[in-house]
Structures are given as C-alpha cells and as structure tokens.
Colleague: 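Next up is a structure, given as structure tokens.
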Amino acid sequence: MRIAVELDVAARMRDGTTLRANVYRPDGDGPWPTLLTRLPYGKDDLGVLTVLDPVQAARKGFMVVIQDCRGRFASEGEWTPFWFEEQDGPDTVEWAARLPGSNGRVGMYGDSYFGNTQWLAAFGQPPSLAAIAPGLTWSEPMDGLLARGGAVELGLALPWSIETGVNYLQRLRRETAPLIDEYDRLAEYGYWQLPVSDQAVLRRHPLADMGLLRAIDDPDFVARCRVAGRYARVTVPTFHTGGWHDVFLQGTLDNYVAMSASGRETRLLVGPWTHARFSDPIGEKVFGQRGSRHGVPTHELGDANDLLLAWFRRHLADDHGVELPEPPVRIFVMGSNVWRNESSWPLTRARHESWFLHSDGSLSRSGPSSDEAESQFRYDPADPVLTCGGSHLMSPEFPAGPLEQSPVERRSDVLVFTSAPLERELEVTGRVKAVLNAESSAPATDWVVRLCDVHPDGRSFNLCDGILRAGRDHRYEIDLWSTSNVFLAGHRLRVQVTSSCFPRWDRNLNTGDQSRKDHHVAHQRIHHAASRPSYIELPVIE
C-alpha cells in the first residue's frame with residue numbers, strides 16, 4: 001500500500017494564528033477515520049512516532065494528523081505551556097474533520113503533554129471529536145506534574161524547561177549552546193541552586209516563562225492544565241494507558257476511575273513501563289518480552305497499539321465487527337510478570353492490610369508493643385539522599401524505574417524496615433499508603449516513604465514511593481500512589497523512611513521558608529509505640 005504524506009499543512013485558529021501539521025493519508029480517496037495529536041516537541045520527534053507510528057496507522061486505514069502546538073517549530077504564535085491548548089484543540093479537531101479524505105470523525109491520541117492536549121480539547125466538546133486516548137498524563141497538576149505532597153517536582157521542571165527552551169531560542173535566532181550546557185550541568189550544578197523559586201538556571205537565558213516552578217503560586221496557570229474535577233465536560237469514550245513506574249501513573253489511574261464513574265465507555269491499560277521506556281530493561285529489571293508496549297502481543301489482538309487502533313476503529317468508523325476484549329481493564333502484574341484482565345479499578349477484592357514498622361528494623365503484620373523505642377536519624381539538606389530510580393522524568397544521570405537500592409539503604413539518614421522472608425507469595429495491587437507518627441526538630445520538614453521488593457540474594461528494588469511536606473510533630477499520611485506486584489515466596493518486603501529524594505523533589509531547608517538560601521539540620525524521630533504506631537497500608541489480593 002502507498003502512503004501519501006503532506007508536510008506543514010496550515011490550520012487557521014480562531015484568532016488568526018496559523019498552526020501547521022503533517023498529514024499521513026492511505027492510498028485512495030477515503031473517507032478514513034482521522035487520528036490527531038498535538039504536541040510541543042516537533043512533528044518528527046521520535047517520541048510521537050514511537051507512541052503511534054503514523055505510517056503503520058495509515059496502512060491500516062487511518063488518516064493521521066500530527067500538529068505543532070502554538071509557538072512551536074513550524075507553528076505561529078507565542079509559546080506559553082498549556083495557555084492556548086483549550087482553544088487551539090477544538091479548532092484543530094474541526095479543521096482535521098474537514099480535511100480531504102476524512103470521514104468527519106476525529107480521535108485524539110498521545111502521551112504526556114500531548115495526553116493533556118486531548119483533555120483540554122475534549123473540554124471544549126468539538127462536535128467532530130469522537131474519542132480520546134490520553135496516555136501517561138496527569139489529572140491534578142499539583143500531584144505529580146508541578147508538585148507532589150507539597151514538594152516541588154524539581155527533577156522534572158528544570159530539564160523540561162531547558163529542553164523546550166532550545167526551540168524557543170532557535171525561533172528567536174539566539175545561540176543555544178549555553179542552554180544545552182546548562183542541561184548537561186544540571187546534576188552537578190543547576191539542581192543545587194537556591195532558592196528553588198528563583199529559577200536561576202532559566203533566568204540566565206532569554207527564555208519564555210515556562211511556568212513549571214512559578215506555577216505553584218499561580219492558580220490561573222495551574223488551572224490551565226488541570227483535568228481533575230472537569231470530567232463532566234468530557235462526552236466521548238476514553239482509553240487510558242499508564243506505566244507502574246511512570247511519573248504520571250496516579251493521574252492516569254485517577255482519570256480512568258473518574259471517567260468510569262461518569263458512565264462513559266472507557267478502558268485502562270497499565271504496563272511495567274516508565275515515562276520513556278516501554279521494553280526491557282525497565283530500570284534494572286527485566287520483565288520479559290510480553291511486558292513490552294510495542295511489537296509483542298500483550299493480549300489477543302496483538303500489542304498495545306493494535307488494541308488502541310481496534311478501539312479507535314470501533315468509535316471512529318462504527319465498525320462493530322471489531323472484537324474488543326470484554327473486561328475494560330488490563331494490567332501487568334510485576335513479580336509474576338503476567339498480564340491480567342480486570343473488571344474494574346481499583347480492584348474491589350483488595351483487602352487492606354497494615355504492616356508495622358518496628359524499632360528493631362523489622363516489618364510485620366504484628367502491631368507494636370507498648371514500650372518500643374523511637375527510631376531516629378539526622379537530615380542535612382546539604383547532604384540529601386540522591387534520587388535512585390522511581391517514577392520520575394529527569395536528566396539522564398537519574399534513570400527512572402526499579403533500581404537496586406543499596407546506595408540509598410546504606411545511608412545513616414535512611415531508616416530501613418524489612419520483613420521476614422515470605423513463606424508464600426503475596427500480591428499487592430492498588431494504592432499504597434504509609435502512616436507515620438513522627439516528629440522533627442525543624443519547624444517544617446519532609447517525609448519520604450518507599451516500598452521495595454527484596455530478592456533472596458539481598459537485592460532491593462523500589463516499587464512505589466511518596467513525599468509529604470509537613471510540620472514539626474504529627475500523624476502523617478503519605479500517599480505512595482499505586483503498584484501491582486507479587487512478592488514471591490522467599491522475597492521480603494522493605495520500607496524506607498527518610499526526608500529527601502533529591503533532585504527529584506526539592507530539598508526541604510528545615511527553616512519553614514523555602515524562599516531563602518539558608519538551611520538547618522533536622523533531627524527526625526519515628527514512633528513505634530502501641531499508642532503511636534507507624535505502618536504501611538497495603539492492598540492485598542488473595
């Protein structure tokens with residue numbers, strides 16, 4: 001089959017700004033169901049071509065439209081993240097529906113930022129939009145995009161701003177080498193600069209306001225990209241793709257739960273992936289060929305894209321002969337490394353089980369005795385615990401996913417609580433929560449909790465974690481987001497407790513004022529007494 005590709009096709013927005021797209025058409029006159037994605041990274045970016053190969057989609061009878069967002073690459077206008085997407089999205093949907101060869105029904109697809117552009121377009125309810133498939137994208141921007149538990153998502157904010165800044169400088173015909181040098185020095189220099197709110201790395205260059213750090217104090221900016229609380233405006237079917245080690249995992253799950261509750265037709269697919277890695281190795285773990293997103297069958301229809309295109313054909317071409325898997329949820333269960341269909345998320349059969357942290361470093365289902373001592377450590381912002389794996393998106397010195405945790409667990413400022421070897425396997429699937437009865441010598445500090453799977457040979461791999469920016473003395477609940485993992489017989493559960501994970505999250509300076517450069521050492525205590533227990537709550541599947 002021959003494929004026709006038309007480059008830089010112009011689309012005029014309501015305010016007269018021209019945006020440009022590449023259009024891939026199957027051979028013939030059509031009409032074809034139309035797939036649209038809108039992104040700020042360039043129409044030929046490898047990321048967008050990996051999410052869904054437009055040539056292969058065109059060979060299967062879809063017209064595919066890939067558009068540069070306003071102010072990016074070939075499109076006109078000024079670049080301000082998220083600011084114009086809610087008006088440009090619906091305008092582009094209606095334009096794409098009128099392109100020669102389109103059947104007039106448009107489905108949107110894409111991950112991350114171009115997952116969010118789908119939501120923002122859907123809020124406008126353009127008549128020709130028939131379905132969206134947002135992958136690896138957030139729900140509440142203050143829970144994973146801009147901040148998490150009150151801490152700044154520094155590890156994401158700075159490299160993202162610099163990367164998008166390169167094209168901004170190119171459009172101004174400015175030199176980009178100094179900005180690229182900033183990116184290459186983030187791990188040794190840029191991440192460490194204080195105060196974080198000053199954005200010194202970005203101020204040194206004539207960049208547009210990327211907003212990722214300033215947005216924390218700008219409700220209007222945050223509202224521009226918020227999905228949470230706006231689901232009632234989405235009237236089309238949705239297909240959600242997530243990864244257990246993705247920076248936006250919980251947002252993806254929350255989006256699915258909300259759309260399912262609304263009664264709209266919706267599906268969920270979650271693999272063992274990070275934000276940018278979809279095949280082995282994921283971090284330092286090998287999950288097997290079936291854990292791949294592309295190229296290997298993950299279900300009866302083929303790989304993840306085969307399922308997605310079949311779903312689009314059902315909704316864009318009214319092809320009711322397409323046989324889709326009946327259960328709406330398909331998850332990859334790590335540990336046992338198998339795919340499994342589920343009728344809902346979260347799993348209704350999950351039983352919440354508390355595992356208690358004990359002063360001797362043990363972790364067990366048994367509650368603490370009345371006379372257990374406290375656990376203590378010293379947190380120094382000048383010597384924070386460095387990020388070691390996890391669900392993040394950072395500069396390349398900090399790979400995401402499951403990494404062996406020895407560098408973290410041998411530090412004196414990381415408390416480690418480990419269970420006895422399991423006599424039989426234990427599945428944990430769902431949202432994980434930690435409860436700490438804790439106190440600090442500082443007026444404000446951070447609490448970081450991480451759940452790990454310890455192999456019989458002693459290697460410890462992270463599964464999920466969370467952070468909470470809090471006060472001096474209280475009972476704290478830390479949201480570790482979600483996971484799906486079978487702890488095999490002979491494995492052990494482990495919980496880490498510390499006060500930093502830098503530069504993924506900005507360091508708490510222990511002063512109560514993050515706008516200053518000065519910082520103090522904090523002395524931290526975790527209680528284990530029967531009256532003040534600390535524990536992790538796990539969703540256990542029998």
Side-chain angles (χ1 to χ4, degrees), residues 149-150 346 350-379 385 405 408-409 411-454 460 462-483 485 487 491-501 508 510 522-542:
R351 176 174 53 83
H352 293 278
E353 194 170 270
S354 295
W355 286 64
F356 293 89
L357 318 183
H358 295 278
S359 58
D360 62 358
S362 65
L363 176 70
S364 73
R365 296 182 178 95
S366 301
S369 63
S370 59
D371 57 352
E372 284 199 35
E374 305 162 340
S375 298
Q376 303 182 28
F377 65 95
R378 179 180 180 271
Y379 161 51
V385 177
Q405 294 292 298
V408 171
E409 293 173 352
R411 291 180 58 116
S412 61
D413 55 356
V414 179
L415 302 179
V416 176
F417 304 90
T418 309
S419 75
L422 295 173
E423 295 182 1
R424 59 188 180 92
E425 67 181 34
L426 176 73
E427 180 180 336
V428 174
T429 296
R431 199 158 189 166
V432 179
K433 178 178 72 174
V435 174
L436 296 183
N437 276 285
E439 59 184 285
S440 174
S441 63
T445 196
D446 288 349
W447 301 104
V448 175
V449 180
R450 183 170 296 109
L451 175 64
C452 302
D453 185 346
V454 183
S460 172
N462 53 289
L463 289 171
C464 58
D465 57 11
I467 188 170
L468 182 65
R469 185 151 289 177
R472 190 187 297 270
D473 182 7
H474 202 63
R475 177 187 182 276
Y476 301 112
E477 293 189 3
I478 298 96
D479 182 5
L480 277 62
W481 284 9
S482 300
T483 191
N485 184 74
F487 294 84
H491 286 226
R492 293 175 289 165
L493 287 74
R494 178 168 290 168
V495 172
Q496 300 173 11
V497 178
T498 186
S499 286
S500 56
C501 179
N508 197 309
N510 295 329
H523 298 277
Q524 319 288 57
R525 300 181 180 215
I526 307 296
H527 294 281
H528 305 291
S531 60
R532 301 188 68 184
S534 296
Y535 57 92
I536 189 166
E537 189 175 281
L538 304 176
V540 173
I541 306 299
E542 296 294 346

Colleague: In chain order, what residues pass the ring pair (Phe, Tyr, Trp, His ring centres under 6.0 Å) check against F377, with sequence neighbours excluded?
Modeller: none

Colleague: Give me the atom names and distance for the closest heavy-atom approach of S500 to V385.
Modeller: OG-N, 2.9 Å

Colleague: Roughly how far, to the nearest 0.5 Å, is CG of D453 from CG of N462?
Modeller: 10.5 Å

Colleague: Between Y379 (side chain only) and T445 (backbone N and O only), is there a donor and an acceptor less than 3.5 Å apart?
Modeller: no

Colleague: Has the side chain of Y535 got a donor or acceptor atom that lies under 3.5 Å from a matching backbone atom of G367?
Modeller: no

Colleague: Could you check if a side-chain atom of L463 sits within less than 4.5 angstrom of a side-chain atom of F487, using non-hydrogen atoms only?
Modeller: yes

Colleague: Main chain of R450, side chain of D465: is a donor-acceptor contact present, judged purely on distance under 3.5 Å?
Modeller: no

Colleague: Roughly how far apart are R532 CZ and I526 CD1, rounded to 0.5 Å?
Modeller: 10.0 Å

Colleague: Would you say CD of E353 has more than 12 non-hydrogen atoms from neighbouring residues, nucleotides or ligands within 6.0 angstrom?
Modeller: yes

Colleague: Given side-chain hydrogen bond (donor to acceptor under 3.5 Å, both in side chains), test S482 with R431 step by step and report yes or no.
Modeller: CA-CA 4 Å; S482 300; R431 199 158 189 166; 4.9 Å; no

Colleague: Side chain of H358, backbone of E372: donor and acceptor closer than 3.5 Å?
Modeller: no

Colleague: Could you walk me through whether H527 and E439 pass side-chain hydrogen bond (donor to acceptor under 3.5 Å, both in side chains), step by step?
Modeller: CA-CA 8 Å; H527 294 281; E439 59 184 285; 2.6 Å; yes

Colleague: Hey, is the main chain of V448 close enough, under 3.5 Å, to the side chain of T498 for a donor-acceptor pair?
Modeller: no

Colleague: With rounding to the nearest 0.5 Å, note down the distance linking CG in L451 to CD1 in I536.
Modeller: 4.5 Å

Colleague: Which value, rounded to the nearest 0.5 Å, describes the distance between S440 atom OG and N510 atom CG?
Modeller: 6.0 Å

Colleague: Using a 6.0 Å cut-off, check whether atom CD of E542 has over 12 heavy atoms from anything other than its own residue.
Modeller: yes

Colleague: Using every non-hydrogen atom in the two residues, find where N485 and T429 come nearest and quote the distance to one decimal.
Modeller: N-OG1, 4.2 Å

Colleague: Can you see whether S499 engages D446 through a side-chain donor-acceptor pair at a distance of less than 3.5 angstrom?
Modeller: no

Colleague: Look at the side chain of S441 and the backbone N and O of H523, then say whether any donor-acceptor pair between them is shorter than 3.5 Å.
Modeller: yes

Colleague: Show, in sequence, the C-alpha distance, side-chain angles and deciding distance for S534 and N437, and conclude whether the side-chain hydrogen bond (donor to acceptor under 3.5 Å, both in side chains) test is met.
Modeller: CA-CA 6 Å; S534 296; N437 276 285; 4.8 Å; no

